[in-house]
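Structure record follows, encoded as structure tokens.
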Amino acid sequence: MKKIKFLNGIGSMFAFAVVALVGSLLFTSCEKEDLNATFTTEPAKATINVNVVEFPSGAAVSGVTISADKGEVSGMAVTLKAGADGSIAAQDVVISATAPADYEAIQSVTVHVNAVKAGGVATYNATLVAVKTATPEEPDQVVIKGVREEGPARVSELLNPTHNHAGKSWWENANDYILITKVSYKLYNQQTAAKEGEVKDVDVTDFIESLKYNYTKDSVLEMKISAWSIYRAWFEVYPVTTTYTISYKNSGEILGIIKADALNGTAAQYEEMAHPSHSHAYQHGHGHGASENAGGGIVLPD
């Protein structure tokens, strides 16, 4: 078997989005002459957590400083803040890392951040791969390159609709009260990885294991819905395949391929709009008091 050292040639990223709407109850009243119980959503926030692993060991690399072309960096995280309307627009964020001594330069990665509505909280993970510098005694150099492809989103509605409007399906809150309700769903965040056939001259077992994770869990979306509105709730799952090609740098000979298949899901989101039949009575974030729902049905106060 040949002695080899590795040069960095990878810009791989594993990302999952977590988007959940949250609200703050500001004032509550049940006076019939006023719709003065109001709530507001917080500005959206998106965070990219970054880790750096070594190829082929899969071990975490310490002593790394990261930077990003957008957002604010603190430690190993990048935070994007909302604009004036409280939302975050869809955008690409380029993340770079300064390699520690004895490592080749670490190639930057690009994380695509999906649009986040006001009140949303989105979390992404990004992985950069570092390779130790070759020594004169071990001149053969291997490069590994990752290509990430995201499939079409799978959208799942969380409510059985009662209305169709503007090309979407909705439930209604056709009364004077703010509605507080919950809905359960599954939040996907998992990835498997395996070799495609043989990988020559290098043991990639530990690297493959470092790519695997399963954090999928059951979750609950809590909603606050304005009086005289229609609303909908949904979540999305993004299938992502990252293909890693391992080869000798000088000859271009391919040593093997690794594929990682992920399901990266958003947490449930919801939106509302004025009830088409009662738009004169609608004010976003307004209603009498609040009706509570702990079990899936709408319960109104007397």
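Residue numbers count from 1 along this sequence.
Judged by distance alone, the side chains of N173 and N175 do bring a donor and an acceptor atom under 3.5 Å apart. Side-chain N/O atoms of W170 and N164 include no donor and acceptor closer than 3.5 Å. Side-chain atoms of D201 and Y248 form a donor-acceptor pair, as typed in the model, at a separation below 3.5 Å. Checking Q190 against T216 by side-chain atom types alone, a donor-acceptor pair falls below 3.5 Å.
Between the side chain of Q191 and the backbone N or O of L211 there is at least one donor-acceptor pair closer than 3.5 Å. The backbone N or O of S226 sits less than 3.5 Å from a side-chain atom of E272, completing a donor-acceptor pair. Side-chain N or O atoms of Y270 include one that pairs as donor or acceptor with a backbone N or O of K224 at under 3.5 Å.
Between atom CE of residue M223 and atom CD1 of residue I180 there is a gap of 11.5 Å, rounded to the nearest 0.5 Å. Note that the NZ atom of K217 and the NZ atom of K186 stand 11.5 Å from one another [nearest 0.5 Å]. Taken to the nearest 0.5 Å, the CD atom of E172 stands 12.5 Å off from the CD1 atom of I225. For the atom pair I178 CD1 and W228 CH2, the distance stands at 14.5 Å (nearest 0.5 Å). The structure places OG1 of T243 at 6.0 Å from CD of E149, a figure rounded to the nearest 0.5 Å. Taken to the nearest 0.5 Å, the OG1 atom of T181 stands 9.0 Å off from the CG atom of L221.
Using a cut-off of 4.0 Å between Lys/Arg side-chain N and Asp/Glu carboxylate O, K132 and E104 are scored as not salt-bridged.
Listed by chain and residue number, nothing satisfies the side-chain hydrogen bond (donor to acceptor under 3.5 Å, both in side chains) test with K259 (two or more places apart in sequence, or in another chain). For H165, the ring-ring contact (aromatic ring centres under 6.0 Å, His included) criterion is met by no residue, not counting sequence neighbours. Legend: residues meeting side-chain hydrogen bond (donor to acceptor under 3.5 Å, both in side chains) with T241, ordered by chain and number and at least two apart, are D261. Qualifying side-chain contact (heavy atoms from CB on, under 4.5 Å) partners for K212, counting only residues two or more places apart in sequence or in other chains: A193, I208, E209.
Heavy-atom minimum distance, P239 versus P152: CD-O, 3.4 Å. The minimum heavy-atom distance between A105 and A99, with the atom names listed, is CA-CB, 4.4 Å. Scanning all heavy atoms of the two residues, the minimum distance from I230 to P276 falls at CD1-CD, 3.8 Å. Across all their heavy atoms, G256 and V199 have their closest contact at CA-CG2, 4.0 Å. F207 approaches I258 most closely through the heavy-atom pair CD2-CD1, 4.0 Å.
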Return a table of donor-acceptor pairs under 3.5 angstrom between the side chains of residues 52-64 and protein atoms on other chains or two or more places apart.
{"residue": "E54", "atom": "OE1", "partner": "Y103", "partner atom": "OH", "Å": "2.4"}
{"residue": "E54", "atom": "OE2", "partner": "S57", "partner atom": "OG", "Å": "2.9"}
{"residue": "S57", "atom": "OG", "partner": "A59", "partner atom": "N", "Å": "3.2"}

Could you pull out all donor-acceptor pairs under 3.5 Å where a side-chain atom in residues 83-97 meets a protein atom, sequence neighbours excluded?
{"residue": "D85", "atom": "OD1", "partner": "S87", "partner atom": "N", "Å": "3.1"}
{"residue": "D85", "atom": "OD1", "partner": "S87", "partner atom": "OG", "Å": "2.9"}
{"residue": "D85", "atom": "OD2", "partner": "S87", "partner atom": "OG", "Å": "3.0"}
{"residue": "Q91", "atom": "NE2", "partner": "A89", "partner atom": "O", "Å": "3.0"}
{"residue": "D92", "atom": "OD1", "partner": "H112", "partner atom": "ND1", "Å": "2.8"}

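With respect to V78, the side-chain contact (heavy atoms from CB on, under 4.5 Å) criterion is satisfied by exactly one of D69, V73, T47: V73.
A 4.5 Å side-chain heavy-atom check between R232 and E271 finds at least one atom pair inside the cut-off. Side-chain contact between L80 and K70 is present, with at least one heavy-atom pair separated by less than 4.5 Å. Looking at heavy atoms from C-beta onward, V113 lies in side-chain contact with I48 at the 4.5 angstrom threshold. Using a 4.5 Å cut-off on side-chain heavy atoms (C-beta onward), Y244 and V147 make no contact.
F235 and Y188 have parallel rings, their planes meeting at less than 30° on a 0 to 90° scale where 60° marks the start of perpendicular.
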Q: Show your working on side-chain contact (heavy atoms from CB on, under 4.5 Å) between Y185 and S219 and close with a plain yes or no.
A: CA-CA 6 Å; Y185 66 99; S219 192; 3.3 Å; yes
(Q) Before you tell me yes or no, could you show the steps for H163 and H275 under side-chain contact (heavy atoms from CB on, under 4.5 Å), namely the whole-Å CA-CA distance, both residues' side-chain angles and the distance that decides it to 0.1 Å? (A) CA-CA 10 Å; H163 288 67; H275 197 296; 4.3 Å; yes
(Q) Please determine whether side-chain contact (heavy atoms from CB on, under 4.5 Å) holds for the pair V204 and I246, giving the CA-CA distance in whole Å, both sets of side-chain angles, and the decisive distance to 0.1 Å. (A) CA-CA 10 Å; V204 296; I246 306 165; 3.8 Å; yes
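The hydrophobic clustering, which links ILVMFWY residues whose side-chain heavy atoms are closer than 4.5 Å, places M273 and W234 apart. L158 and L263 fall within a single hydrophobic cluster, where Ile, Leu, Val, Met, Phe, Trp and Tyr are joined by side-chain heavy atoms under 4.5 Å apart, directly or via other members.
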